[in-house]
There are 2 protein chains.
Amino acid sequence: MRPTKRDELVQKALTAFYRNGFHATGMDMLAAETRISKTSMYKHFRTKEELILAVLRLRDENFRNWLYRRIEELADTPGQQLIALFDALEDWFQEPGFRGCMFIKASSEYQDAGHPIHRQSADHKRMLETYVIGLAQKAGYRDPADLARQLLLLKEGAIVTAHLGHTARPAMDAKQAAIALLENSEK
Amino acid sequence: MRPTKRDELVQKALTAFYRNGFHATGMDMLAAETRISKTSMYKHFRTKEELILAVLRLRDENFRNWLYRRIEELADTPGQQLIALFDALEDWFQEPGFRGCMFIKASSEYQDAGHPIHRQSADHKRMLETYVIGLAQKAGYRDPADLARQLLLLKEGAIVTAHLGHTARPAMDAKQAAIALLENSEK
DNA sequence: TAATAAATGTACCGATCTGTTCACTTTGTC
DNA sequence: GACAAAGTGAACAGATCGGTACATTTATTA
């Protein structure tokens, strides 16, 4: 189907929420910034929460697609791709508008474990975990899940540290640590 | 010296902000929850932001004191203490009210690099870094700063992952990774 | 006991919040 | 050109936002 006002709204809302936060971004402000009328917004989404959930779905799709492709560009073998993950992170951290992970932010503002926004954020992290476990399996490691979880701790740590410190350095710190972990892991 | 209303307010505000978030916790709600009148709150703090900054100061003091002591209880030598950090984290994750790192949340809701709340959150992380570098130095590692930054990435990653996944497991994942990193590091 | 400081309750301010209503204009399709 | 779908602007509701005003009560201390 053709891209329409709805997609345009979700895309622009993503930008606004990512830059300003969820609670801090009101629907009036959103209407002004996207130049889409409030009436129209509420015709597509019954509540702000539904809009946020749509934004998170788009973010998940965009981010994972980007990451997977970038990793494939950077490395050929699964073993090298596990390391290339951190080179991709560095690219991300160096982007001008980098403000950390949208899902960490979302789960920070909607903390209840049962809240749809919190659950959807957790889903995103689980999908990434599945992906990295897959790489570790293909690379032939004996405990791919353990290894993947450790690498992902480095990834999450690098994201929040890069955001708080306003530097891309954590990407390379994490990469060095990841290399050490891989060298230490049995096949 | 008896605890004053001011201290009581800051202490209770900490609990409320930690559980509900900063934007989502209004001053009226805060007054109701702490049973301290709004008038009184605004006599001690001119703005909500000033209150939040006081809350973060208290949190920093409480958390670092707790962490340092717990680590000293758990291990004697600097080398062992670097690992005990992750046992301490596990204790924290298992506490009933655990909701992640207050400073990550704060910097998530107040994202501008120059914002006082963001800066103060970054200060907290810097002080922790100084502490861990100190341990790595005393333990005799050749590149204590590099090692400390890597260990801290594991720590931050474990915190956000424990919060999102509602499990304490990331503490032990991080601990295993930390042990591997230490074994791999030259003295 | 009297003076003083600290805390209270309540009502209020203007602004903003999420969400709705309504009359009107644009757009795409047959 | 007719018609329906989609989008618009502006006003509005009821609640809440951060913050203030004021008169009253409670504690501390001389």
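Numbered from 1 within each chain, the chains take letters A, B, ... in sequence-line order.
B:Tyr110 and B:Phe22 have perpendicular rings, their planes meeting at more than 60° on a 0 to 90° scale where under 30° would count as parallel. Relative ring orientation between B:His166 and A:His118 is described as tilted, the plane-to-plane angle lying within the 30° to 60° band.
Contacts of A:Asp87 classified as salt bridge (Lys or Arg N to Asp or Glu O under 4.0 Å), with partners at least two apart in sequence or in another chain: A:Lys175. Scanning for salt bridge (Lys or Arg N to Asp or Glu O under 4.0 Å) contacts around A:Glu109 gives an empty result, with sequence neighbours left out.
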Where protein sits on nucleotides 4-10 of chain D, one letter per nucleotide: B base, S sugar-phosphate only, - none, heavy atoms under 4.0 Å: ---BBBB
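Atom CD in B:Glu8 sits roughly 14 Å away from atom C1' in C:dT8 (whole-Å rounding). If you measure from atom OH of A:Tyr42 to atom C1' of D:dA13, you get 13 Å, rounded to the nearest angstrom. One can place NZ of B:Lys48 at 15 Å from P of D:dT20, the figure rounded to the nearest angstrom.
Of the residues in residues 111-120 of chain B, not one places a heavy atom less than 4.0 Å from an atom of DNA chain D. Scanning residues 14-28 of chain B for heavy-atom distances under 4.0 Å to DNA chain C yields an empty list.
Judged purely by distance below 3.5 Å, without hydrogens or angles, the side chains of A:Lys138 and A:Gln81 never pair a donor atom with an acceptor atom. Side chains of B:Arg46 and B:Tyr42: a donor-acceptor N/O pair is absent below 3.5 angstrom, by distance only. In summary, the side chains of A:Thr4 and A:Asp7 do not present any donor paired with an acceptor at a separation below 3.5 Å, with no hydrogens or angles considered.
Comparing the axis of the opening five pairs of the helix from C:dT1-D:dA30 to C:dC30-D:dG1 with that of the closing five pairs yields an angle of 20°, rounded to 10°.
Counting heavy atoms from C-beta outward, A:Met27 and A:Leu30 have side chains that approach closer than 4.5 Å.
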